[in-house]
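To keep things clear, I will list the structure first and then write my remarks on it.
Small disclaimer: the values here were computed from a predicted structure and weren't measured. The analysis underlying the following values was restricted to heavy atoms, covering all of them including side chains, and did not include hydrogens, waters or symmetry mates.
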Amino acid sequence: MQFSLRQLLKKNDMIVKHYDKTRDLYYKKFISDEKLIKRKFKKKLKRKLEVEKPILFNDKLQWLKIHWRDSQATQCADKYEVRKYVEEKIGGKYLNKIIDVYNSVDEIDVEKLPNSFVLKGTHGSGFNIICQNKESFNWDIAVKEMKRWFNTNYYLRNREWVYKDIRPRIICEEFIEHEENNELIDYRFFCFNGEPRFISVDFDINNKQNTKRNLYDLEWNLMDQEISYPKELSKKIEKPKKLSEMIELSRKLAAHFPHARIDFYYVRNKILFGEITFFHQSGMGIVRPLEFEKVMGDWLKLPHSEL
């Protein structure tokens with residue numbers, strides 16, 4: 001029987017730690033930001049990165065990785081510190097309740113937690129563990145996963161500098177109950193120089209092979225364009241009653257940045273903030289058709305530049 005590298009790594013914690021540290025050390029010491037970005041970009045998108053005079057959306061995101069710096073962006077990439085930014089800009093009523101925040105895995109006392117909860121790493125993307133029923137929750141696996149988070153500098157993978165200096169912590173949030181047992185919908189507002197342009201909704205996000213993604217304009221019309229995943233035509237998502245409010249909230253949260261994706265949940269007629277992302281799919285999402293990536297690039301005016 002053959003195993004993938006990922007499957008083999010999961011079998012031994014020591015191998016995992018050694019692999020992560022060796023990879024991160026190699027990336028840190030021997031490959032510059034620009035060199036790694038160009039290498040990964042070409043491998044993923046099958047074309048050369050244009051970084052001197054970028055025109056397309058993904059190329060401009062890579063330009064931002066290399067040339068743009070903003071301490072407020074680092075704050076907003078931190079899953080805990082972003083709460084202060086949100087409270088200042090739109091108010092604390094849009095924040096999901098935090099149960100606790102931890103500086104290490106050893107600080108977590110699962111016995112004191114409610115029956116359902118969500119654990120998030122503050123210093124990366126995709127560092128999430130969902131517990132819907134503590135009775136059947138495998139705590140040993142969760143601990144191993146969270147310890148791996150603490151050994152990971154997410155910045156080194158794709159040079160998303162906003163994660164570079166974030167202090168690793170874990171926050172525990174209240175579990176957001178699905179409405180009528182349906183899939184929890186994440187509404188992602190793509191904002192360009194502070195202006196929302198369209199909304200993305202993903203389906204079956206835990207199954208990469210079957211993930212679908214619908215793009216909607218600000219009037220909630222299904223768009224023909226795609227980013228990485230095909231459209232989902234079998235599920236009709238009703239226009240949120242508070243869509244106009246979400247658009248205005250995303251505008252306020254994105255106003256300071258050249259590009260930001262502002263995520264919200266909408267549950268039982270209540271808007272809850274999700275996160276702020278500055279490099280959607282690390283600037284390597286496959287946009288179809290290519291003409292739409294040009295349109296997205298036109299929307300994004302780079303700072304201190306005529307591009």
Side-chain angles (χ1 to χ4, degrees), residues 33-68 70 73 77 125-126 157-162 186-203 205 208-233 237 247 250-251 253-263 275-307:
D33 286 358
E34 188 166 343
K35 184 177 180 180
L36 182 70
I37 287 169
K38 286 181 176 179
R39 177 189 296 182
K40 289 204 166 189
F41 188 90
K42 187 171 184 179
K43 182 178 180 180
K44 179 67 175 180
L45 296 182
K46 312 303 182 187
R47 63 180 173 86
K48 183 179 179 181
L49 171 64
E50 176 52 68
V51 74
E52 296 301 322
K53 293 184 178 181
I55 295 174
L56 302 178
F57 171 67
N58 281 317
D59 300 67
K60 287 193 172 184
L61 287 190
Q62 306 308 326
W63 188 97
L64 289 171
K65 285 186 191 178
I66 296 168
H67 297 291
W68 174 60
D70 186 330
S125 178
R157 296 182 180 183
N158 294 306
R159 295 308 202 262
E160 296 180 39
W161 56 266
V162 291
D186 194 355
Y187 299 86
R188 300 172 172 181
F189 292 76
F190 282 69
C191 301
F192 300 77
N193 301 100
E195 189 60 32
R197 296 287 186 173
F198 65 91
I199 305 139
S200 169
V201 174
D202 287 5
F203 305 89
I205 58 176
K208 292 298 182 182
Q209 291 184 339
N210 292 317
T211 298
K212 304 288 177 56
R213 173 174 292 158
N214 286 354
L215 304 183
Y216 298 90
D217 65 21
L218 299 187
E219 300 299 321
W220 204 249
N221 298 305
L222 182 64
M223 298 168 59
D224 291 330
Q225 296 83 355
E226 298 177 346
I227 302 178
S228 294
Y229 300 110
K231 293 188 288 292
E232 172 56 82
L233 300 177
I237 303 298
I247 291 172
S250 67
R251 183 178 285 117
L253 291 175
H256 178 73
F257 307 111
H259 175 67
R261 197 195 76 207
I262 312 295
D263 297 0
E275 65 177 72
I276 299 178
T277 298
F278 297 100
F279 307 105
H280 176 71
Q281 291 186 245
S282 201
M284 299 178 198
I286 301 172
V287 181
R288 295 180 290 266
L290 189 62
E291 290 78 9
F292 184 54
E293 189 175 354
K294 170 65 166 58
V295 172
M296 294 170 71
D298 290 342
W299 286 334
L300 175 51
K301 305 302 179 184
L302 297 176
H304 312 301
S305 170
E306 296 180 356
L307 298 174

Pairwise distance CG(L253) to CZ(F189) - rounded to 0.5 angstrom: 11.0 Å
Pairwise distance CZ(R157) to CG(L36) - rounded to 0.5 angstrom: 12.5 Å
Let me check something: any side-chain donor-acceptor pairs from residues 280-291 under 3.5 Å, sequence neighbours excluded? List them with distances.
| unit_1 | atom_1 | unit_2 | atom_2 | d |
| --- | --- | --- | --- | --- |
| H280 | ND1 | R261 | NH1 | 3.0 |
| Q281 | OE1 | R213 | NH1 | 2.7 |
| Q281 | OE1 | S228 | OG | 3.1 |
| Q281 | NE2 | S228 | OG | 2.9 |
| S282 | OG | K65 | NZ | 2.8 |
| S282 | OG | E160 | OE2 | 2.9 |
| R288 | NE | E226 | OE1 | 3.2 |
| R288 | NH2 | E226 | OE1 | 3.3 |
| R288 | NH2 | S228 | O | 3.4 |

Plane angle bin for F198 and F190 - parallel if under 30°, tilted between 30 and 60°, otherwise perpendicular: parallel
E50: partners by side-chain hydrogen bond (donor to acceptor under 3.5 Å, both in side chains), with sequence neighbours left out: none
Flag if over 12 foreign heavy atoms under 6.0 Å of NZ, K231: yes
Mutual orientation of the aromatic rings belonging to Y187 and W220 [parallel < 30°, tilted 30-60°, perpendicular > 60°]: tilted
Plane angle bin for F192 and H259 - parallel if under 30°, tilted between 30 and 60°, otherwise perpendicular: tilted
L218 CG: over 12 foreign heavy atoms closer than 6.0 Å: yes
Spatial distance of atom CH2 (W68) from atom CG (L302) [nearest 0.5 Å]: 10.5 Å
C191 side, atom SG; F278 side, atom CZ - distance, nearest 0.5 Å: 10.5 Å
Counterpart residues, side-chain hydrogen bond (donor to acceptor under 3.5 Å, both in side chains), relative to N158 (two or more places apart): K40
Passing option when D59 is tested against R47, K294, K48 for salt bridge (charged side-chain N to carboxylate O under 4.0 Å, His left out): R47
D70: salt bridge (charged side-chain N to carboxylate O under 4.0 Å, His left out) partners, not counting sequence neighbours: none
Residues forming a side-chain hydrogen bond (donor to acceptor under 3.5 Å, both in side chains) with E34, sequence neighbours excluded: K38
Partner set under side-chain hydrogen bond (donor to acceptor under 3.5 Å, both in side chains) for N210, not counting sequence neighbours: none
M223 side, atom CE; L215 side, atom CG - distance, nearest 0.5 Å: 5.5 Å
Closest approach of A260 to I276 (non-hydrogen atoms, all atoms of both residues): CB-CG2, 4.1 Å
From CD1 (I262) to OG1 (T277), nearest 0.5 Å: 8.0 Å
